[in-house]
Amino acid sequence: MKNQPEIMFESAFAEDTFKGLTSNPKYLLSKYIYDKNGDKLFQQIMDMPEYYLTSSEFNILELNAEDIVVSFTSSNGIDLIELGAGDGKKTKILLKKLVEKGHTFDYLPIDISQNVLDELKLSLEKEIPEAKVRVQQGTYFKTLEKLSEYNSRKKVILVLGSNIGNLSHKEAVDFLEHIARAMSKEDMLFMGFDQKKHPQKILDAYNDPAGITEKFNKNLLVRINSELQGNFDPNKFLHWETYDPETGTAKSFLVSKEEQKVNIEKLDLKISFEAWETIHTEISQKYDDSVVEWLADEAGLIVEKSFADKENSYKNYIFRR
Ligand code: AVI
């Protein structure tokens with residue numbers, strides 16, 4: 001084998017992009033969609049009528065707020081820790097209920113974006129001034145390590161929005177294991193999982209006619225252009241969504257509409273695309289009870305209870321160690 005010169009990359013984004021675009025088949029990691037522009041597009045996605053996930057989870061929390069909050073509480077109060085808090089729209093339902101019932105709690109929203117956290121803190125000061133909020137900026141994995149430091153009272157860890165769906169089963173088990181390791185017997189994990197359903201409903205949620213999801217997907221190319229001095233023409237790619245009802249995996253692709261070459265200056269990389277060649281960009285896994293139970297078991301967790309919407313299209317599960 002030829003000795004490859006070691007390439008120094010300016011960031012994890014640069015390194016992962018190089019790896020993905022020099023692989024066969026090509027891929028890019030969906031976590032890089034979320035820069036400022038990607039965050040805004042995701043907000044728009046969550047407001048789209050086709051993206052049922054948001055309203056389904058919102059309804060579950062509204063309808064079951066009392067029961068959920070009862071299961072959270074403990075005599076000496078709780079630390080409510082949310083991974084990937086975002087705008088906190090759904091969490092506010094639970095926070096309001098905790099305040100209304102006079103429970104003692106601290107809310108610790110964790111997000112990668114300081115901007116998002118600043119806005120969330122401001123909105124909480126206005127809407128729920130009684131809530132004690134301590135924001136934490138960082139990646140999931142870094143902050144998960146910190147989680148075990150919160151040991152003085154019961155921890156309730158929230159992961160909403162079916163964020164776990166963007167991980168492969170192996171990565172999901174790894175993620176759940178990390179959380180489990182930070183949990184004591186008293187602690188709880190409350191997590192949202194989008195469910196298997198009519199395949200067309202899933203395809204519509206990820207391929208809206210207004211083209212917002214297309215823009216969201218293509219933001220990967222836009223970000224490569226701006227941060228790594230690439231010259232992708234996003235118009236030369238199709239946004240393509242597939243859903244396999246057997247595995248429950250929705251997959252997003254960017255498909256090259258023609259044979260083309262793209263140059264990425266900061267990676268010193270020229271990439272060739274055949275006509276109709278793909279870049280795989282995201283998975284959005286859909287679940288059923290047996291798969292959730294299997295994931296939990298693999299990670300050393302037990303499913304204690306679940307809450308569903310009327311159509312069973314989305315579920316929130318309570319896990320314990
Ligand atoms: C953040 N995540 C759970 C979303 C999902 O449903 O997979 C991201 C998304 N991708 C396209 N639309 C929304």
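We're numbering straight along the sequence, starting at 1. In listed order, ligands and their atoms are each counted from 1. What's counted below: heavy atoms across the whole structure, side chains too, no hydrogens, waters or symmetry copies. Because the structure is predicted, anything quoted here is derived from the model rather than measured.
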**Prompt:** Under 30°, 30 to 60°, or over 60°: which ring-plane class applies to Phe13 and Tyr32, parallel, tilted or perpendicular?
**Reply:** tilted
**Message:** Once you measure the plane-to-plane angle for Tyr34 and Phe216, does it fall in the parallel (<30°), tilted (30-60°) or perpendicular (>60°) bin?
**Reply:** perpendicular
**Asked** Is it the case that Lys97 places NZ or CZ above or below the six-membered ring of Phe72, under 6.0 angstrom from the centre and within 45 degrees of the axis?
**Response** no
**Prompt:** Going by the angle between their ring planes, with limits at 30° and 60°, are Tyr287 and His169 parallel, tilted or perpendicular?
**Reply:** tilted
**Item:** Residue and atom name of the nearest protein heavy atom (relative to atom 10 (N) of ligand 1), distance in Å to one decimal
**Value:** Glu282 OE1, 2.8 Å
**Request:** Report, in ascending order of atom number, the atoms of ligand 1 lying under 4.0 Å from any heavy atom of Ile45.
**Result:** 12 (N), 13 (C)
**Asked** For ligand 1, which atoms, with element, lie under 4.0 Å from some heavy atom of Asn163?
**Response** 1 (C), 3 (C)
**Message:** Using a 4.0 Å cut-off to any heavy atom of Tyr34, which atoms of ligand 1 qualify?
**Reply:** 1 (C), 8 (C)
**Message:** Against ligand 1, does Gly165 come closer than 4.0 Å with any heavy atom?
**Reply:** no
**Request:** With heavy atoms of Phe42 as the reference, note each atom of ligand 1 found under 4.0 Å away.
**Result:** 1 (C), 4 (C), 8 (C), 13 (C)
**Asked** Are Gln114 and Asp118 close enough that a side-chain donor and a side-chain acceptor fall under 3.5 Å?
**Response** yes
**Prompt:** Which residue supplies the protein heavy atom nearest to atom 4 (C) of ligand 1, what is that atom called, and how far is it?
**Reply:** Tyr51 OH, 3.2 Å
**Asked** Considering distance alone, does some N or O of Ser284 sit under 3.5 Å from an N or O of ligand 1?
**Response** yes
**Request:** For Ser162, take its heavy atoms, then give the atoms of ligand 1 lying under 4.0 Å from any of them.
**Result:** 3 (C)
**Request:** Return a yes/no value for Tyr206: is any of its N or O atoms, backbone included, closer than 3.5 angstrom to an N or O of ligand 1?
**Result:** yes
**Request:** Measure the distance from atom 2 (N) of ligand 1 to every protein heavy atom, then report the residue, atom name and distance (to 0.1 Å) of the closest one.
**Result:** Asn166 OD1, 2.8 Å
**Asked** So, for Tyr206 and Tyr243, is the gap between ring centers shorter than 6.0 Å?
**Response** no
**Check: Asn217/Ser252 side-chain N/O donor and acceptor closer than 3.5 Å** = no
**Region of Asn217 that comes within reach of ligand 1 [heavy atoms, distance under 4.0 Å]** = neither
**Request:** Mind telling me whether Tyr317 and Phe193 have parallel, tilted or perpendicular rings, with 30° and 60° as the class edges?
**Result:** perpendicular
